[in-house]
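Contents: one structure, followed by commentary.
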Number of protein chains: 4
Amino acid sequence: MSPRNVEKDQQMREKRLAHILESAIEIMAVKGIGSVSIGDIAAAAGVSVGNVYHYFKSKDEIFAELLRRGQTGYGAFVSEIAGRQLPAADKLRAISEAWLALGNSWAYTLLIHTARMSETSTDQLRREVTGRFTANLGPVAEIVAQGQREGSVVPGDPTELALYFVSLIQGLTLQRAPGVEVPVGIRAEGVVRLFLAGSAARDA
Amino acid sequence: MSPRNVEKDQQMREKRLAHILESAIEIMAVKGIGSVSIGDIAAAAGVSVGNVYHYFKSKDEIFAELLRRGQTGYGAFVSEIAGRQLPAADKLRAISEAWLALGNSWAYTLLIHTARMSETSTDQLRREVTGRFTANLGPVAEIVAQGQREGSVVPGDPTELALYFVSLIQGLTLQRAPGVEVPVGIRAEGVVRLFLAGSAARDA
Amino acid sequence: MSPRNVEKDQQMREKRLAHILESAIEIMAVKGIGSVSIGDIAAAAGVSVGNVYHYFKSKDEIFAELLRRGQTGYGAFVSEIAGRQLPAADKLRAISEAWLALGNSWAYTLLIHTARMSETSTDQLRREVTGRFTANLGPVAEIVAQGQREGSVVPGDPTELALYFVSLIQGLTLQRAPGVEVPVGIRAEGVVRLFLAGSAARDA
Amino acid sequence: MSPRNVEKDQQMREKRLAHILESAIEIMAVKGIGSVSIGDIAAAAGVSVGNVYHYFKSKDEIFAELLRRGQTGYGAFVSEIAGRQLPAADKLRAISEAWLALGNSWAYTLLIHTARMSETSTDQLRREVTGRFTANLGPVAEIVAQGQREGSVVPGDPTELALYFVSLIQGLTLQRAPGVEVPVGIRAEGVVRLFLAGSAARDA
DNA sequence: CATGAATGAGTTTTCATTCAT
DNA sequence: AATGAATGAAAACTCATTCAT
């Protein structure tokens, strides 16, 4: 029936979709989340406005998909780290470094929180975002627990500590946004050390 | 006509102004920062749209004033704490508790970061906000330094640690936004302990 | 508090509202119901597009209000006729004449049916429209019953006959739309005669 | 290549064409005439948007063809009835019954009147539709005249009465649209009786 | 001061139509 | 023939801001 390669079409579609999403997060990083229009996104992606609507039902859907992918990607990353054969301290350091190095992480952070509030966004979306956030806390809590068994991480409820760790990282990514100049260096090492127990940490 | 009236007028004006600003932050907390209109603010404050423009030149001015007051208030609070005759640990605890207890702190946090980033907001505003943020880091750094002298706080550059402390608090306030249910308790005590040195605190 | 006359404001609002609605039905009569834009309506009313939205939440609301008023007005008219001290035949004639003489009746007729279908319109609206239509059948049925008692109207279920009467009038109004040229005169007298019993009327 | 194939191709084309038109009227019945898009029609027909354009030059052509076929079919039907060897009353009854039984008749009725009025549709189309409508009045007028000769139909100008008859039927089909629940039965018999003279009708 | 009507410039969204594959 | 991506133009809708009262 169809004279075109269905599978290839699917791939092209996914490629375009991803391209639009990437352009969206990039332009949001430049213009600020609240003030990006579909027109901005389309221009950034080099496609027409109408075409963006070919891939996404609405602006909200773009945000939702962006969050879905961002959170899922982050979750996969954290899980992968958690599964490695490494001391917990190194794992935490790897997470910090990766997240702080990532250029757009602050945009995701703001996006998450923009989506979680806002009457505009549906309950459905809010639930999804919160659910994924909570789920992504799991691997970090595991790492914390591992570190506690190893004696390298401070005592306390692992999930609570994981939340502090993630919140701290998130709080810090916000300080890395363009236009924000904090007069101090932000170092993954410094972040991790707060969670480390014993003389090694204290006496550094 | 009489100075009495002028003075009273001033008071009335200030009262209205403050009321509009409070209503603004409240409605922003409900509808999301990006999507509050002047109409929303006016409705929330129980005044007319036109009347809002009697007190503020523009929407941006509302945001700017909101930030100015929020940051100034926070700065005063932190300075006051820093000046008290207390162990550093208690001071940090006091800051954490106050900030985490405050209902709208997360909205201010988002507002700050929204303002700092968006291309929309003027350089002027961005500079002001960043300047105040940096200034507000000072008292916290002092407390950290005091704690290090007392031996209660972990070693490291005081300003850097202050930034971590503030970022962590900010990151945590975001988790307290309505519609967000993190399955963990957030405790000021837990936050402070990360910054405390010594076996009592870290190895408890 | 308010330095303006509230009551007068209310009156002005109602006046503008009515003016926009009138302009809407007029322009719809010219351009066709499906193809009137808010811009057309605004232009016809001599106001800005934004101002139309000051009075109506959406295009659908304009349609809904138009229908509400049209049907209510028609209902009042029919009830008034039904209450007069006249032979039933004269009442039917009065209704036919008025309805056929009215320039925009066909537009209302189409609007009613456009609204009653269309997935777009809410169930709520559909129910309202159908409810009013049914209610408006009542007075006509009364007239029919009166005529039957007087011996001037053909026998049969009064409500059924009323439905036929109204449907015939509606069907005929559609033939009076501009651009439609039926090669025959449409006469209220001819319409009414179909419902009249007796040799004088039917065999004339 | 062979004439066989060419012929078969023609048949296939005609089949597809008819299928698309049927789907169009069906979806228009569901979504409302004004709000069906080519996409809706394509989806309803189970073909691609592009493919619809292989069969029709434009959306307007779909409407035009739909009307052409609908009116032509109706005309053929009425002519056939008019030519039968039957009393006029039976002919009228047959027409009423057929038209009222037809599921989509109301959609055609609305389509006809939408087309006749909207400024959007070309003069050409309007003329065609009105021309066919008028032509289709002919056979009905003939039946009426026949009935008058037989003494079974009320007196009056046959074309005028034909117009009333058709308008009544059209008005009634509109009451049969889905979502419309008139609390009365619509019976072909009741319709026809209005046009019948003499004791048979009157005393029923 | 207070009000809310009015505006215009944007933004989102829709959709008929074209076109490469 | 068949597909659905891409486009552009138009339509719906929003909203900061101004202004007469």
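Here is the naming used below: chain letters follow the sequence lines, and residue numbers restart at 1 for every chain.
- Within the structure, every side-chain polar atom (N or O) of A/Arg13 is placed at least 4.0 Å from both OP1 and OP2 of F/dG4.
- Judged as a side chain to side chain donor-acceptor pair (under 3.5 Å), and not counting sequence neighbours, the contacts of B/Thr109 are B/Thr173.
- Taking every heavy atom of both residues into account, C/Leu66 and C/Leu21 meet most closely at CD1-O, 3.5 Å.
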Watson-Crick or G-U pairs under 3.5 Å in DNA chain F, rendered as dot-bracket with [ ] for crossing pairs and | for another strand: .||||||||||||||||||||

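- Atom pair C/Lys8:NZ and E/dA2:P shows a separation of 22 Å (rounding to whole Å applied).
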Sugar-phosphate or base contact per nucleotide [nucleotides 14-19 of chain F; S, B, -; heavy atom under 4.0 Å]: BBSBB-

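- Partners of C/Glu14 by side chain to side chain donor-acceptor pair (under 3.5 Å), not counting sequence neighbours, listed by chain and number: C/Arg69.
- Regarding A/Lys31, its NZ atom lies at a distance of 12 Å from the C1' atom of E/dG10, rounded to whole Å.
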CA sep, side-chain torsions, deciding dist, call: A/Asn51, A/Ser48, side chain to side chain donor-acceptor pair (under 3.5 Å): CA-CA 5 Å; A/Asn51 196 223; A/Ser48 71; 5.3 Å; no

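- Atom NE2 in B/His19 sits roughly 15 Å away from atom C1' in E/dA2 (whole-Å rounding).
- Remark: C/Arg16 engages no residue in a salt bridge (Lys or Arg N to Asp or Glu O under 4.0 Å) (not counting sequence neighbours).
- With hydrogens and angles ignored, a donor-acceptor pair closer than 3.5 Å exists between the side chain of B/His54 and the base of E/dA2.
- Checked against E/dG4, F/dG4, E/dA5, the side chain of A/Asp9 finds its nearest nucleotide in F/dG4.
- If you take atom P in F/dT21 and the same atom in E/dC1, they sit 22 Å apart, rounded to whole Å.
- Between A/Ile62 and A/Ala24, the shortest heavy-atom contact is CG2-CB, 4.3 Å.
- Across all non-hydrogen atoms, the minimal contact from A/Leu111 to A/Ile25 is CD2-CD1, 4.3 Å.
- Atom C1' of nucleotide E/dA16 and atom CD1 of D/Ile20 are separated by 15 Å, given to the nearest angstrom.
- Residues passing the side chain to side chain donor-acceptor pair (under 3.5 Å) test with D/Thr122: none are found, sequence neighbours excluded.
- Whole-Å rounding puts the A/Gln11 CD to F/dA5 C1' distance at 16 Å.
- With a 4.5 Å cut-off on side-chain heavy atoms, C/Glu61 and C/Tyr55 do not count as touching.
- Considering only side-chain N and O atoms, D/Arg16 lies nowhere under 4.0 angstrom from the phosphate OP1 or OP2 of F/dA1.
- Across all strands shown, A/Phe56 has no heavy atoms under 4.0 Å from either base or sugar-phosphate atoms.
- Along DNA chain F, the nucleotide nearest D/Gly46 and the nucleotide nearest A/Val47 are compared for position; the residue whose nucleotide lies closer to the 5' end is D/Gly46.
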